[in-house]
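Fair warning: this is a prediction, and the values are worked out from it, not measured in the lab.
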Amino acid sequence: MQILEFVSPLERRSEPRVTLSPSQQKAADGILLGLERGDYAILQDHDSDGKTTVLDYVHRELGGVRIGIRDFLSKLSAYEPIALEEAFLHLVEAKLAEADVVIVDDLHRVKDVVESCDYPCKHLFSAVIAALVEKAATMRKKMVFATDDAPVAIANRAHAWFITDFATVDYEVICSAYLDPAVSRRLDFAEIHRFAPSLNAHQLLKAAVWLSHEPGVDTPRFLEYLSTHNLVSNVEIEEVDPVDWNDLKGVDDVVRALEAKIALPFENRELAAELNLKPKRGVLLAGPPGTGKTTIGRALAHRLKGKFFLIDGTAIAGSNDFYASVNRVFAAAKRNAPSVVFIDDADVIFQSEGGEPGLYRYLLTKLDGLESASAGRVCVMMTAMEPSNLPAAILRSGRVELWLETRLPDQAARSAIFHEKLSALPPPLCLADVDALASASRRLTGADLKSAVEDGKLLFAHDKATGKPTRAPERYFLEAMETIRENRRKYGKRKPAQLTEAVPVGFNVE
C-alpha cells in the first residue's frame with residue numbers, strides 16, 4: 001500500500017514532513033471508502049493512536065469543514081451553562097450548511113463535558129446527535145466522527161474504523177519523521193516494539209522529538225527514555241527497601257523458578273524474542289508470615305522498575321474507588337507489558353469481602369481479561385499466608401500457572417542470615433556465636449531473625465548507655481529471640497482484624 005504524505009498541525013509548527021503509519025493509513029482508507037458507500041463514518045482507536053492525525057488526512061482528501069473541542073468551547077461562551085447541547089447542535093448545524101462533509105473530532109470530549117458531574121440534562125446529548133444525523137441525511141451531507149465511545153444514534157448508521165494496535169513498522173514511520181535519518185537507521189525498532197508494544201502515537205512522537213536533540217542516540221538510550229518517561233509504575237521505587245534475591249535465604253528453588261519463569265522473559269529480550277518466551281501469567285507465593293514473600297515483591301519492584309504494579313490492602317481499605325483503582329493498575333500493566341501486577345497478602349484482601357462485595361469476582365474478570373494475546377505478557381503474582389482462604393475460582397487451573405512455597409529458614413539459612421546481619425555490626429556484636437544463634441532460632445522466620453538482631457542491638461545499647469556490665473554478645477540476641485517467642489505464644493492465636501480501615505498491608509508506597 002502506498003503511504004501518502006501530508007502535514008498535520010503539529011508538523012506545521014515543527015516543520016518535518018511526515019507520513020501516516022500503516023495502521024493509520026488503513027484507518028484513513030477505511031474512512032474514505034466508508035464515505036463512498038455511505039453517509040457516515042466513525043474513527044476510533046484504543047489509546048491516542050492518532051485520530052486527529054488521520055482526520056487531518058481525510059480533511060485534505062475530501063475538503064469540507066472540521067469541528068473540534070476548541071470550536072465547541074468557543075461556541076459555548078455565548079450560551080448559558082444549562083445549554084451545552086444547544087450550543088453543540090447550533091455549531092454543527094451551521095457547519096452542515098457550509099459544506100458537504102462535516103468532520104467532528106473529539107466527540108467523546110464534548111460528550112464528557114456535557115454529561116459530567118451533576119448536569120441536569122445528561123441524556124439529552126444522545127437526542128441531539130440523533131437529530132443532527134437525521135438533518136445531515138435530509139440535506140444529503142456526509143459526516144465523520146472521531147470518538148472513543150460512539151453514541152448509539154451514530155453507531156447504528158455509520159461504518160466504524162479502528163486504528164489498530166501499532167506494529168514495528170508504525171513505530172518506525174512515526175519516529176522517523178522527527179529523527180535524523182542516520183539515527184533512524186541505527187535504531188532497532190523491532191527491539192523497541194518488543195520492549196514496549198503498546199505505546200500510542202503521542203508517546204512515540206514525544207520520545208522522538210526529545211531524542212532528536214541527541215545525535216548519538218541508539219536503541220539502549222531509546223529504551224532508557226521509555227523506561228523513565230512512559231513506563232510508569234504505581235510504586236515509587238525510591239521508597240522501597242533496596243533488596244534483591246540475595247536477601248532471601250533458604251528458598252533457592254523459589255528464586256531459581258522466579259529467575260527462569262519471570263525475570264528471564266523480561267530481561268533477556270533477544271532470547272525471549274527468539275523462543276517467544278512469556279512470563280507465567282499467574283503466580284502464587286504461599287508461605288507463613290515473615291518468610292520472604294513481600295521481599296520478593298520488593299526485589300521485583302527494583303528489578304522491573306516501571307513494569308511493576310502493586311495492589312495491596314491499602315488499595316481497598318476505606319476506599320470507594322477500588323474498582324477504578326484496580327482497573328487503572330491493570331490498564332497500565334497491559335500498556336507496559338511485559339509487566340507484573342503484584343497482589344500482596346491476597347488472602348487477607350479477600351477476607352475483607354464483607355466490606356467490599358464482589359471484590360474477588362471483579363478481580364476474576366480482570367484476570368480473565370489477561371488471556372488475550374495482547375495482554376499475554378502480564379504476570380499476576382499473588383502472595384498468601386493461607387491459600388485455603390483464597391476463593392477457589394482464583395486458584396483454578398489456568399489462572400495460577402506457577403505455585404511456589406516460601407518456608408521457614410533451615411539451619412544453614414539461619415546461619416547465613418545471622419552471619420550477614422552481624423558482620424555489618426561493630427565489635428563486640430559482630431563476634432557473637434553465629435552457630436549458637438542459628439541452633440537456638442528454630443521455627444523463627446527470616447523476619448523474626450532480622451527483628452532479633454535489631455532488638456539485640458537495642459538491649460546491648462541500653463546496657464552500655466546505663467553503665468551496666470555487658471554480656472556475651474550472643475546473649476542479647478538470644479534474649480531478643482525469647483521475647484519474640486513469648487509474644488507469639490501470647491498473641492499468635494488471636495484472629496487478625498478485618499480490613500475495615502486503611503491499614504497498610506504488604507509494602508505500601510505513598
Side-chain angles (χ1 to χ4, degrees), residues 241 243 247-251 254 284-298 312-313 317 344-352 354 383-390 404-422 425 429 432-466 468-501 503-508:
D241 291 342
V243 296
D247 294 293
L248 300 169
K249 309 297 183 184
V251 286
V254 173
L284 176 64
L285 287 172
T291 54
K293 300 184 298 299
T294 299
T295 302
I296 289 172
R298 293 190 181 109
D312 66 1
D344 203 23
D345 287 324
D347 50 338
V348 178
I349 291 177
F350 287 119
Q351 281 181 331
S352 68
T383 72
M385 294 176 287
E386 293 291 343
S388 59
N389 289 337
L390 292 172
L404 300 172
E405 180 184 1
T406 58
R407 51 194 174 273
L408 297 177
D410 59 16
Q411 175 90 5
R414 296 195 301 274
S415 180
I417 292 172
F418 276 120
H419 183 271
E420 179 183 281
K421 299 294 182 185
L422 297 180
L425 301 180
L429 295 180
D433 188 337
V434 169
D435 291 336
L437 295 176
S439 296
S441 56
R442 289 189 297 274
R443 298 185 182 278
L444 294 185
T445 68
D448 291 334
L449 302 186
K450 180 179 178 181
S451 294
V453 171
E454 294 301 314
D455 292 348
K457 286 161 46 180
L458 292 171
L459 293 172
F460 170 77
H462 182 266
D463 279 357
K464 193 170 182 179
T466 57
K468 294 182 180 179
T470 57
R471 296 172 279 171
E474 59 271 10
R475 301 304 305 172
Y476 295 102
F477 303 117
L478 291 171
E479 181 181 341
M481 285 189 281
E482 184 54 38
T483 301
I484 290 171
R485 287 195 171 94
E486 181 63 25
N487 288 337
R488 185 171 295 169
R489 284 192 290 270
K490 287 181 180 179
Y491 308 113
K493 293 184 180 181
R494 293 188 179 182
K495 297 183 69 174
Q498 296 293 313
L499 286 176
T500 55
E501 298 180 357
V503 181
V505 177
F507 57 105
N508 178 49

Verdict with supporting geometry, L404 and I296, side-chain contact (heavy atoms from CB on, under 4.5 Å): CA-CA 12 Å; L404 300 172; I296 289 172; over 6 Å; no

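The shortest side-chain heavy-atom distance between L444 and R414 does not fall under the 4.5 Å cut-off. At least one side-chain heavy atom of V254 sits under 4.5 Å from a side-chain heavy atom of L285. Taking the side chain as every heavy atom from C-beta outward, D347 and P387 never approach each other to under 4.5 Å.
For the atom pair CZ of R475 and CG of L437, the computed distance is 10.0 Å after rounding to the nearest 0.5 Å. Here CG of L459 is found 14.5 Å from NZ of K464. Values are rounded to the nearest 0.5 Å.
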Output side-chain donor-acceptor pairs under 3.5 Å for residues 476-483, partner residues at least two apart or in another chain, one line each.
{"residue": "Y476", "atom": "OH", "partner": "D463", "partner atom": "OD2", "Å": "3.0"}
{"residue": "Y476", "atom": "OH", "partner": "R471", "partner atom": "N", "Å": "2.9"}
{"residue": "E479", "atom": "OE1", "partner": "R471", "partner atom": "NH1", "Å": "3.1"}
{"residue": "E479", "atom": "OE1", "partner": "R471", "partner atom": "NH2", "Å": "2.9"}
{"residue": "E482", "atom": "OE2", "partner": "R489", "partner atom": "NH2", "Å": "3.0"}
{"residue": "T483", "atom": "OG1", "partner": "E479", "partner atom": "O", "Å": "3.1"}

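Of all the heavy atoms in L429 and P473, the pair that sits closest is CA-CB, 4.0 Å. The minimum heavy-atom distance linking L422 with A432 is given by the pair CD1-CB, 3.9 Å.
With sequence neighbours excluded, the residues that form a salt bridge (charged side-chain N to carboxylate O under 4.0 Å, His left out) with E420 are K249. By the side chain to side chain donor-acceptor pair (under 3.5 Å) test, K421 is found to be paired with no residue, residues two or more places apart in sequence or in another chain being considered.
The backbone N or O of T406 lies less than 3.5 Å from no partner atom in the side chain of K293, so there is not a single donor-acceptor pair. The backbone N or O of A436 sits nowhere less than 3.5 Å from a side-chain atom of S439 that would complete a donor-acceptor pair.
A donor and an acceptor atom, one from each side chain of D448 and T445, are located under 3.5 Å apart.
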